[in-house]
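In each ligand, atom 1 is the first atom listed, and ligand 1 is the first ligand listed.
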Amino acid sequence: MGINYFSYRNRRCLGRGIGKNVIMLNQLQTIQIECKKAIENCQSLVDVEKKRVEFLGRKGKLSALLKQIVNLSDDQKKEIGQKSNQIKKELEGCLNNKVAELESSSINEKLKNEWIDITQPSLCSQEIGHSHPLTQVQKAVEDIFVSMGFMVLDGPELESEYYNFEALNIPSWHPARDAQDTFYIKQKSKKDTNKFLLRTHTSPMQVRAMRKYGAPLRSIAPGRVFRNEATDACHDHTFYQVEGLMIDENISIANLIAVMKTLLKEIFEKDIDVRLRPGYFPFVEPGFEVDLSCVFCDGKGCKICGNTGWIEFSGAGMVHPNVLKAGGIDPEKYSGFAFGFGTTRLVMMKYGIDDIRLLLNGDLRFLKQF
Ligand code: FA5
């Protein structure tokens, strides 16, 4: 419903000699009342915007009325100007309040419709995974060594021939290289003297650690290693080792045995029979093989232990002076032990897994058991 600004009432006012300003005041009040009512009835933000334009817009009702202000005296102009500003402000406030009211009710509506019960059990069953048994045991090993003051180091799987062999007292002509055949990376050119290979053991971390940290030193370096190997129940071409190194003044084999025993007791939660026998590794002197009593046959002999009753677990020994020198450590002042055991073998023994190849073949029926 529009406003007739020259309504019957106003014409009567003029007839009775009432001032133009009074008429305009009446008209302003009419706009004010009509606009408030219209705002109240708005159901949407679009409605509110329409009313804003209709009443307060440049071509809206208030502007149209104010065009008549030219007919008033200066005092009347002032009076009407002030009043119209006050009404405009008030109406703008009403419009804004309505916008806020509609917005919040639409949010509430949305919340009502989108309400979810977060305590309701899931309709689709989601399986929760877990870490691989190799990772579980490696973490346990790391914790045990950290508790004995060792730091945990990480080394490259793509290793230089120098760190994998030469720095470990295994020159290119040495027969020990044959025992650890591996995959070499193609050199860019024949002139390129830097040969790279998939590391055959974690022992390259010995010289890397010595060069970086010097002596005294306690470190372990767990990781994946690779060998060109015919596989069987106890041998894989890709497996995991943990390299251990302890260098200080007056370190002896007794320290090595104590550390090994602590590790095994913690992992197996019981005493395990361990056998030390002489072993040859060019980077230790003297060198040993550490065997564990076979858990599959209780040391009686089975196909897994090759009917010996023992499973080879680790190589170990006192670090060779040449290796200490390659690591920048004075062999006259310091001595140390090193070991490298198969994490994969440890997992087999801990969980009674009778074929090493099960660990990396990705069969979930197997992995779900851990
Ligand atoms: C070495 O790799 C030496 N770097 C260990 C060492 C370190 C000796 C420091 C002295 C001082 P070896 O080849 O014996 O040694 O391997 C060490 C251990 O890795 C073995 O005792 C065994 O537990 C594991 N291992 C070796 N070959 C395989 C394989 N093919 N599959 C799974 N585990 C293996």
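Both the sub-6.0 Å distance and the 45° axial angle are satisfied by Arg208 relative to the ring of Tyr163.
Contact residues of ligand 1 (protein heavy atom closer than 4.0 angstrom to a ligand atom; sorted by chain and number): Gln180, His201, Ser203, Gln206, Arg227, Glu229, Cys234, His235, Asp236, Phe239, Gln241, Glu243, Phe281, Phe283, Val284, Glu312, Phe313, Ser314, Gly315, Ala316, Ala338, Phe339, Gly340, Gly342, Arg345, Ile356.
Between Asn21 and Glu79, the side chains place a donor N or O and an acceptor N or O closer than 3.5 Å (distance only, hydrogens not considered).
Annotation for Leu324 and Ser335: closest pair CD1-CA, 4.5 Å, computed over non-hydrogen atoms.
Legend: side-chain hydrogen bond (donor to acceptor under 3.5 Å, both in side chains) pairs involving residues 340-350, not counting sequence neighbours, sorted by first then second residue: His235-Arg345.
With ring centers used as reference points, Phe196 lies 6.0 Å or more from Tyr184. In this structure, Phe283 has its ring center under 6.0 Å from that of His201.
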